[in-house]
Amino acid sequence: MDLKKEINLLKTEKNALILAHYYQRPEIQEIADYVGDSYYLSKIAKDSPNKLIVFCGVKFMAESAKILSPEKTVLLPALDAGCPMADMADVDGLVELKEKHPDAAVVCYINSTSDVKALCDVTVTSSNALKVIKKLPQKKIIFLPDKNLGGYIAEQMPEKDFILWNGFCITHKKISAENILKSKNAINDIVVLAHPECEKEIRDLADFIGSTGEMINYATDCSAKNYLVCTEEGIHYELSKKNPHKNFYFPGTSTLCPNMKKTRLEDIANVLRNNCNEITIKEEVRLKALNCLLNMHELAR
């Protein structure tokens, strides 16, 4: 049987919900019930009546869904799909840093493990970080794991003192200023879109900086025809679907995330057939991490 047909049959039979991140392969996004960024998908999972969630993304994303929906079964089709940036933040190092700065608010990017979230005061996304951190009473902010997103926020908040963890996204790090300048010289009136996970020299060349969802919305609303997109190439599927008459380019070397591309149709069929690769989190850790996520929800209002 055709894999897509089998997946749809199994999904209906088991009353499952399939979620896919914007960076997943096109064929994965095509069969998903919802496509979006990580927190949006976790909220969809929480608000959905479905008790079985197939999360096509990386591990921290599936963990976030489980933190918000402990009563649901969350399956990760590619169990080895991790996030190198999330793994750059370690619990022991964070405990030590908190002891050095007891007066600091500890803020983690949603791209963090559940163990790290459990030690933080509040989680943020790339789209709500500015709003959330502005509302924190503390002047000193420990921000982890992404030094680039943290640096981008710090530039806009001189009234606060940021202590940045030395983490980064290995995919966004591949993007070079040289390749952006080449594209700007080669294509007239090209609009440069960049994710805040990009390094400062890339952000300084951008016409617009925002999350994956914000970049898609900007390109959709903007009248320009040509765009240079400085983020993971999987976003091209949604950009093209919404804007078939616009041109989207990516800077030079491949910006494919190897972990996001691990999920295949075969993996989705496998977890639906066998109910395997379930995400589990210790309840003590989950409750602390949940508080971190709920604090974000409250402050982002």
(message) Under a 3.5 Å threshold, yes or no: a donor from one side chain and an acceptor from the other, between His172 and Thr231?
(response) yes
(request) Nearest 0.5 Å please: distance from the CD1 atom of Ile281 over to the CD1 atom of Ile279. (result) 7.5 Å
(request) Starting at CD1 of Ile170, measure out to CE of Met88 and round the result to the nearest 0.5 Å. (result) 7.0 Å
(request) Check the hydrophobic clustering (I, L, V, M, F, W, Y; side-chain heavy atoms under 4.5 Å; chains of links allowed) and say if Tyr109 and Ile142 are grouped together. (result) no
(message) Evaluate Asp221 against Asn217 for side chain to side chain donor-acceptor pair (under 3.5 Å), listing each step before the verdict.
(response) CA-CA 6 Å; Asp221 295 338; Asn217 291 339; over 6 Å; no
(message) Nearest 0.5 angstrom please: Ile153 CD1 to Asn148 CG, how far?
(response) 11.0 Å
(request) Look up atom CD in Gln29 and atom CD1 in Ile31, then write down how far apart they are to the nearest 0.5 Å. (result) 10.5 Å
(message) Are Ile202 and Leu193 linked, directly or through intermediate hydrophobic residues, by side-chain heavy-atom contacts shorter than 4.5 Å (ILVMFWY only)?
(response) no
Identify each donor-acceptor pair in which a side-chain atom of residues 60-74 lies under 3.5 Å from a protein atom, sequence neighbours left out, and give them as a table.
residue : atom : partner : partner atom : Å
Glu63   : OE1  : Ser114  : N            : 3.0
Glu63   : OE1  : Ser114  : OG           : 3.4
Ser64   : OG   : Phe60   : O            : 3.1
Lys66   : NZ   : Pro70   : O            : 3.1
Lys66   : NZ   : Lys72   : O            : 2.7
Lys72   : NZ   : Ala45   : O            : 2.6
Lys72   : NZ   : Lys46   : O            : 3.4
Lys72   : NZ   : Ser48   : O            : 2.4
Lys72   : NZ   : Asn50   : O            : 3.3

(message) Given Glu232, which partner from the list Arg25, Lys174, Lys261 fulfils the salt bridge (charged side-chain N to carboxylate O under 4.0 Å, His left out) test?
(response) Lys261
(message) Hydrophobic clustering (ILVMFWY, side-chain heavy atoms < 4.5 Å, transitive) - are Leu290 and Val124 grouped together?
(response) yes
(message) According to ring-ring contact (aromatic ring centres under 6.0 Å, His included), who are the partners of His297, at least two apart in sequence or on a separate chain?
(response) none
(request) Check the pair Glu27 / Lys4 against salt bridge (charged side-chain N to carboxylate O under 4.0 Å, His left out), numbers first and verdict last. (result) CA-CA 9 Å; Glu27 63 270 24; Lys4 288 181 183 177; over 6 Å; no
(message) Just to verify, what does Tyr152 make a ring-ring contact (aromatic ring centres under 6.0 Å, His included) with, not counting sequence neighbours?
(response) none
(message) How long is the straight-line distance from NZ of Lys51 back to CG of Asn15, given to the nearest 0.5 Å?
(response) 10.0 Å
(request) Please lay out, stage by stage, how Lys173 and Glu199 fare under the test salt bridge (charged side-chain N to carboxylate O under 4.0 Å, His left out). (result) CA-CA 7 Å; Lys173 192 174 176 64; Glu199 296 187 333; 2.9 Å; yes
(request) Using the rule that two of Ile, Leu, Val, Met, Phe, Trp, Tyr join whenever any of their side-chain heavy atoms come within less than 4.5 Å, decide whether Val285 and Leu76 are in one cluster. (result) yes
(request) Could you grab the distance from atom CD1 of Ile28 to atom CZ of Arg264, nearest 0.5 Å is fine? (result) 9.0 Å
(message) Once you measure the plane-to-plane angle for Tyr227 and Phe248, does it fall in the parallel (<30°), tilted (30-60°) or perpendicular (>60°) bin?
(response) parallel
(message) Do Met296 and Ile44 sit in one hydrophobic cluster, given that two such residues count as connected whenever their side-chain heavy atoms are within less than 4.5 Å of each other, even indirectly?
(response) yes
